[in-house]
Amino acid sequence: MDGSSSHSAHRNLAQAKDAGVAGDMRVPVYSASQLVEKLQSKRNAAAEQPYPAMYSSYSGGIVLDPAMMVLPMDDHMVHRGHGVFDTAVLLDGYLYELDTHLDRFLRSASQAKISSPFSHETLKAILIQMAAASKCRKGSLRYWLSAGPGDFNLSPTGCPEPVFYAVVIADNFSQRKQGVKVVTATTPMKPSLFATMKNVNYLPNVFAIMEAEEKGAFASVWVDENGHIAEGPNVNVAFISKKRELVLPTFSKILTGCTAKRLLALAPKLIERRILMSVETRNITLEEAKNSAEMMYVGSGLPLLPIIEWDGKPVGNGKVGELTLALSDLIWDDMTTGPDRIRVPYEDGAPQHSRL
Ligand SMILES: Cc1ncc(COP(=O)(O)O)c(C=O)c1O
């Protein structure tokens with residue numbers, strides 16, 4: 001990535017904004033009510049409000065006013081990146097795979113040495129009530145567990161109370177059937193300790209997607225130090241070999257994708273229909289991957305995205321593969337009509353059933 005041109009573009013923009021203002025710039029000191037008014041006018045200026053609800057255990061409740069969706073500045077997650085997060089798709093009144101995402105969330109929290117103030121079931125009850133309050137029917141939940149506010153030190157010992165934050169993000173997504181281009185990432189990938197827990201340190205992931213976008217691609221693919229395929233910046237990758245096998249990289253050094261796991265559970269249906277030969281996770285070399293018949297990204301919110309070009313060369317015949325589309329249909333049907341166990345209704349605001 002050529003950082004120098006984008007740096008000078010940023011500098012020029014800052015200088016242009018400063019022109020004629022710098023000398024007599026006066027910074028107001030706001031009262032609380034003035035600040036609220038200011039934040040509301042900024043948020044209300046947006047054509048649409050994409051965040052219909054937020055919860056914070058710091059305040060202990062839900063807010064619907066986007067101007068009030070704020071975090072304490074001295075939160076260890078804000079200034080040191082000491083926090084973990086997760087997501088879940090919200091579709092037609094159901095939360096998809098919420099339990100699986102919450103299991104990973106609590107696993108990430110324990111890896112990050114943050115003790116959750118709430119059990120799995122309480123987190124679930126809060127998210128269901130927030131989703132209900134949002135009245136949103138399509139989008140996603142994103143939620144964080146932070147070491148919490150306290151001070152600005154490196155050590156979290158001054159942060160007595162871990163905090164759970166959550167937000168609803170409205171998004172009009174649909175099944176993705178058009179193929180995209182990808183590139184191999186040159187941004188170094190995270191070591192496995194940090195890649196296997198879903199923590200908020202996503203700078204390498206941000207750089208990896210910026211690098212892809214600068215090269216005209218949708219996103220990138222990481223290859224590990226042993227030459228094995230890893231993952232994309234916020235997605236897993238999957239391949240169909242020329243022998244019609246579905247192969248995904250093992251999850252030992254990357255994030256265990258909830259969508260990828262669900263895909264692995266559903267894909268045997270295509271073996272029963274005799275259009276797929278086998279399903280497995282294993283190490284995949286770059287050479288083997290580049291020789292695949294089909295390739296796709298897998299992740300919440302996609303849920304599956306065909307890849308037709310990699311590093312300027314066609315994947316397989318360069319068209320969206322038939323098995324990719326069959327897998328995409330399987331997972332989309334699961335999201336829209338799948339079993340009760342994985343689709344949690346939220347619109348009446350109370351958990352319908354406990355899995356315990
Ligand atoms: C680095 C990374 N890999 C893979 C994934 C895909 O995981 P999931 O299917 O749970 O969204 C994500 C998204 O959460 C991610 O951030």
Side-chain angles (χ1 to χ4, degrees), residues 81 83-91 95-109 111-112 123 127 139-145 166-167 169 171 173 175-176 180 182 184-185 187-212 218-224 228-239 246 248-267 281 284 295-307 324 327-328 330-332 334-335 338 342-344:
V84 297
F85 74 109
D86 219 295
T87 58
V89 163
L90 181 143
L91 186 56
L95 291 163
Y96 183 61
E97 286 251 85
L98 182 59
D99 285 315
T100 317
H101 282 277
L102 281 176
D103 283 340
R104 183 175 68 186
F105 183 56
L106 288 173
R107 255 193 339 264
S108 296
Q111 280 176 277
L123 293 169
L127 292 174
S140 62
L141 301 184
R142 199 166 300 173
Y143 38 95
W144 295 261
L145 204 45
V167 70
I169 305 166
D171 184 13
F173 61 87
Q175 195 179 0
R176 311 280 299 254
V180 297
V182 301
T184 304
T187 307
M189 67 179 275
K190 290 189 261 200
S192 59
L193 172 68
F194 299 107
T196 54
M197 72 170 106
K198 201 164 164 60
N199 67 85
V200 297
N201 298 279
Y202 261 49
L203 193 55
N205 311 56
V206 171
F207 277 8
I209 200 148
M210 287 174 78
E211 172 188 6
F218 176 84
S220 56
V221 175
W222 267 307
V223 179
D224 72 18
H228 296 136
I229 302 299
E231 61 185 339
N234 58 350
V235 278
N236 290 105
V237 271
F239 301 90
L246 172 65
L248 274 78
T250 52
F251 298 113
S252 53
K253 293 183 181 168
I254 58 172
L255 193 73
T256 305
C258 298
T259 323
K261 290 279 283 246
R262 190 68 191 146
L263 184 72
L264 288 165
L266 294 169
T281 57
I284 309 164
M295 178 179 180
M296 65 211 84
Y297 277 141
V298 188
S300 325
L302 286 174
L304 206 139
L305 179 63
I307 298 172
T324 301
L327 290 167
S328 174
L330 271 187
I331 202 130
W332 188 258
D334 195 53
M335 279 171 76
I342 57 155
R343 293 172 71 238
V344 179

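These numbers come from a predicted model, not from an experiment. In listed order, ligands and their atoms are each counted from 1.
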query = Is the side chain of R262 donor-acceptor paired with the backbone N or O of I331 at a distance under 3.5 Å, no angle test?
reply = no
key: Distance filter under 4.0 Å to E231 heavy atoms, resulting ligand 1 atoms   = 1 (C), 2 (C), 3 (N), 4 (C)
ask   = Got a donor-acceptor contact below 3.5 angstrom from the Y143 side chain to the V167 backbone?
value = no
message = Checking contacts here: is it the side chain or the backbone of N234 that comes within 4.0 Å of ligand 1, counting heavy atoms only? Could be both or neither.
response = both
note = d(L263 CG, N236 CG) to nearest 0.5 Å is 10.0 Å
Taking atom 14 (O) of ligand 1 as the reference point, the nearest protein heavy atom with its distance = K198 NZ, 2.6 Å
ask   = Distance-only, no hydrogens or angles: does the R107 side chain make a donor-acceptor pair with backbone N or O of M197 under 3.5 Å?
value = no
query = Do any N/O atoms on T256 end up under 3.5 angstrom from N/O atoms on ligand 1?
reply = no
query = Does ligand 1 have an atom that lies less than 4.0 angstrom from a heavy atom of K261?
reply = no
ask   = Looking only at atom types and distance, does a side-chain atom of N199 sit under 3.5 Å from a main-chain N or O of F194, one as donor and one as acceptor?
value = yes
query = Would you say N205's side chain and N234's backbone share a donor-acceptor pair under 3.5 angstrom?
reply = no
remark   = min-distance protein heavy atom vs atom 9 (O) of ligand 1 -> T259 OG1, 2.5 Å
request  = Using a strict 4.0 Å cut-off to heavy atoms of S300, name the atoms of ligand 1 that fall inside it.
outcome  = 8 (P), 9 (O), 10 (O), 11 (O)
query = For atom 6 (C) of ligand 1, which protein heavy atom lies nearest, and how many Å away is it?
reply = N236 OD1, 3.5 Å
task = Compute the minimum heavy-atom distance from P233 to ligand 1 and say whether it is under 4.0 Å.
result = yes
request  = Spell out, as yes or no, whether a donor-acceptor pair under 3.5 Å connects the side chain of S220 to the backbone of A208.
outcome  = yes
ask   = For ligand 1, is any non-hydrogen atom under 4.0 Å from I254's backbone (N, CA, C, O), its side chain (CB onward), both, or neither?
value = neither
task = Could you say whether the N/O atoms of C258 and ligand 1 ever approach to under 3.5 Å?
result = yes
inquiry  = So, 4.0 Å and heavy atoms of H101: is ligand 1 close enough to count as a contact?
reply    = yes
key: Note, Y297 side chain near V237 side chain (heavy atom, < 4.5 Å)   = yes
Contact (N/O only, under 3.5 Å) between Y202 and ligand 1 = yes
query = Does P303 offer a backbone N or O that forms a donor-acceptor pair with the side chain of W332 under 3.5 Å?
reply = no
